[in-house]
Every structure is written in structure tokens, then in C-alpha cells.
Q: 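The structure's right below; bear with me while I get my questions together.
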Amino acid sequence: MQQFTTDKDCFNVADTLECGQIFRYEKLSDGSYAVFSRDKYARLVTEEDVVRVFTDDVDYFRHFLDLDTNYAQKVQRISAISPLMKQACDCGKGIHILNQDLTEMIISFIISANNNIKRIQLIIRRLCDALGEDTPYGKAFPTVEKMAQAPLSLYTSIGAGYRDVYLKETAQRLVNYDLSRLTQADTASARKELLSFKGVGPKVADCILLFGLRRGDVFPVDTWLKKVYHAYFEQGHKDSEISTFFCNLFGQDAGLCQQYLFYFQRKYGQTASNTVK
DNA sequence: GGACAGGTGCGGT
DNA sequence: ACCGCACCTGTC
């Protein structure tokens, strides 16, 4: 296995993995993290002044971890927006938005709908165990061909619940689907296209845009961001209005701000003062 | 046992 | 176009 290191400034492994953007990771007993993407594996070890990455796919994970983006610059700009964003940045400034596989994001976030992180991880693990190819380091994420062939009962048996039909239908549709219809489209068109998939609503579509298509100017609204909005801004608005509000406030980095706020709310939501704006 | 958390599809308006 | 409800599983 090969390895490389990267600066710890503005890159925190735990923050990046635990802010809700990725489900296939595992904290090991020595405090390092195992990360899986497609059929690839890396182990991330945080040392005194660097993060050391062990992997057979160096180029893939250099890109995956988004090490070439200047996050310090973004954090500086976002911190200046308001005291709330200063707090959120201080909490989550080590977060990178990962460059994840589009198909894996579509399937994973269909599973995420109306679901909690722990169970999402369990379902995805069972999905990989059932249908993924063997790799030297565990099971790969299954191909859409394999997923399309699997009986509906497979999806029920891994605990997907009523999402079973969404998963099977989407996998079947993806078999002969030209992903450039999404990758080449502008954000609004790609979003509209994503909404035509069964099991993909506004929130899941925004997550796929942000994490699978790297569109930074979207703001997924889930229950945590609703809490933030209601605590610091106003009561009684629809999800789409909350999303528009934050998109206008944050512009091109709305998605990154969403990650900071999500992480901040989950970490300190119980104790943080609601008076700071 | 019963309430609740977690987004989307669908049928009704 | 919008609203209300059912949907599956786990947890308190």
C-alpha cells in the first residue's frame, strides 16, 4: 500500500467524515479512520502535524479529499458574514466537501430520506455486503447492473423499508442512463432531472447536487437546518423558502455553509445560545 | 403500548 | 400549485 501526507491546516478528518456527507467510513480502535468510495479504500491517520493517507489509489484520494481547494480563504469570508457563521466556522472549519461518486451518491441519498445516519450506514453496509464485489479491503459499492438484477426482496431484507422500490427502480433506470445528462447540465436542469427519480425529492436532490455533482450553490434543508433557521431567524417558512434564504445569504459557498451549520447544530444545538445572530 | 424522528409519493383539493 | 397523510424501522 502507498501513502501520502497532507497539511492539517483546515483539514480535519473526523469533522469531514462525521458531518453527514459520507456514510461508508469507520472509526478504528486506534483513532484512525477507514474510508470507502466505489471499490477503493483509504486509511486516514491524524498525526502531530500532518494527516497521513494509506491507500492503493493515491490520485483518487487526493482528489476525493479535495486537498487543492483553499478552504482557509472560504472560512475567512464565511466567518465575516455573522457571529453565528463565525461560531459555525470555528466548529467545522476542518470540513472538506468530498469529491464522491455520483452513482453512489444517488443510491446513498435515496436511502438517507426520512432516515437517520446510523441506520443509513447499516443499510448501505448490508447493500455492499450483499451485492458488492470483493476487494482486498472489503466489499465495493455495488454496480447498478448488479442492483438492477437483485430481487425487490433483497432491498427489503437489508432494511431499506419502503425505499426498496425506489432503489430497485432507480438502479434499473441507471443501467442505461447517460450521466452526462446530469454532469453537463446547469444546476437548475440537473435538479429537475434528479427530481424525476423515484425517491428523490428536493432535499435528496440538493444533496446529490452538492456531494455528487459538486454544485456549491445549493443548500439542502433537512430537519437540522430547519432547527437552525427557526432558532436564529424566523418561524413558519417552507423548506424551499429556507433554502432560497440561505442560498441568497451565502451565494457560491451555500453548500459548504450548510455543512458548517449542520455540524454546528448537531454538536452544540442543545446548548448554543439562540440569541446570537 | 404509544409517540416520535426522519423526506418523499400520492391522492385530493 | 399546494396540502395532508401514509410509508418502515429504531428508539425512548
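We name chains A, B, ... by the order of the sequence lines, and we start the count at 1 in each one.
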Q: From the set C:dC3, B:dG7, B:dG9, return the single nucleotide nearest to any side-chain atom of A:K238.
A: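 The listed nucleotide nearest to A:K238's side chain is C:dC3.
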
Q: From the set B:dG6, B:dC10, B:dT8, return the single nucleotide nearest to any side-chain atom of A:N114.
A: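 For the A:N114 side chain, the nearest candidate turns out to be B:dG6.
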
Q: Would one find more than 12 heavy atoms of other residues, nucleotides or ligands at under 6.0 Å from atom CD of A:E241?
A: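 Yes.
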
Q: Would you mind classifying the nucleic acid contact of A:F197 as base, sugar-phosphate or nothing, using non-hydrogen atoms under 4.0 angstrom?
A: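 Touches sugar-phosphate only.
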
Q: Starting at atom CH2 of A:W224, determine the distance to atom P of B:dA5, rounded to an integer number of angstrom.
A: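 Those two atoms, CH2 and P, are 11 Å apart.
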
Q: What's the closest nucleotide to the A:R119 side chain, out of B:dT8, C:dC2, C:dG10?
A: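 Nearest nucleotide to the side chain: C:dG10.
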
Q: Does the pair A:E104/A:R24 count as a salt bridge with the N-to-O cut at 4.0 Å?
A: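 Yes, charged N to carboxylate O under 4.0 Å.
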
Q: Distance check needed: B:dG6 P versus A:L122 CG, whole Å only.
A: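 Roughly 18 Å, once rounded to whole Å.
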
Q: Within this structure, what is the CD1-to-C1' distance between A:I117 and C:dT9, rounded to whole angstrom?
A: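 These atoms are roughly 16 Å apart.
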
Q: Checking A:Q21 side chain against A:H96 main chain: does a donor-acceptor pair fall under 3.5 Å?
A: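 Yes.
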
Q: Starting at atom CD of A:E241, determine the distance to atom C1' of C:dC3, rounded to an integer number of angstrom.
A: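 So the CD-C1' distance, A:E241 to C:dC3, works out to 14 Å.
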
Q: Take the protein atom CG of A:L194 and the nucleotide atom P of B:dG9, then report the distance between them rounded to whole Å.
A: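 So the CG-P distance, A:L194 to B:dG9, works out to 12 Å.
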
Q: Parallel under 30°, tilted from 30 to 60°, perpendicular over 60°: which one fits the rings of A:F250 and A:F246?
A: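 Aromatic pair A:F250/A:F246 classed parallel.
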
Q: Taking atom P of C:dC8 as reference, at what distance in whole Å does atom CD1 of A:I158 sit?
A: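 My rounded result for the distance is 15 Å.
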
Q: Whole angstroms only, please: what is the CZ-C1' distance between A:R163 and B:dG6?
A: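 Taking CZ of A:R163 and C1' of B:dG6, I get 8 Å after rounding.
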
Q: Tell me which nucleotide among C:dC3, B:dG6, B:dC10 gets nearest to the side chain of A:K227.
A: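 When the side chain of A:K227 is considered, B:dG6 is the closest of C:dC3, B:dG6, B:dC10.
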
Q: Output the distance between atom CZ (A:F141) and atom OG1 (A:T103), rounded to the nearest 0.5 Å.
A: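 Answer for the CZ-OG1 pair, A:F141 versus A:T103, is 8.5 Å.
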
Q: As a test of reading the structure: which of B:dG6, C:dC8, B:dC10 is closest to the side chain of A:T223, going by heavy atoms?
A: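 Among B:dG6, C:dC8, B:dC10, the one nearest the side chain of A:T223 is B:dG6.
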
Q: Nearest whole angstrom, please: distance from the P of B:dG6 to the CZ of A:F109.
A: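 In whole Å, B:dG6 P lies 16 Å from A:F109 CZ.
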
Q: Identify which nucleotide among B:dG7, C:dT11, B:dG6 has an atom closest to any side-chain atom of A:K118, counting heavy atoms from C-beta outward.
A: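 Given the options B:dG7, C:dT11, B:dG6, the side chain of A:K118 is closest to C:dT11.
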
Q: Which part of the nucleic acid, if any, lies within reach of A:D222 when heavy atoms closer than 4.0 Å are counted: base, sugar-phosphate only, or nothing?
A: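 A:D222: backbone/sugar contact only, no base atoms under 4.0 Å.
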
Q: Under the 3.5 Å rule, do the base of B:dG7 and the side chain of A:Y166 count as making a donor-acceptor pair?
A: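 For A:Y166, whose side chain was compared with the base of B:dG7, there is no donor-acceptor pair (under 3.5 Å).
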
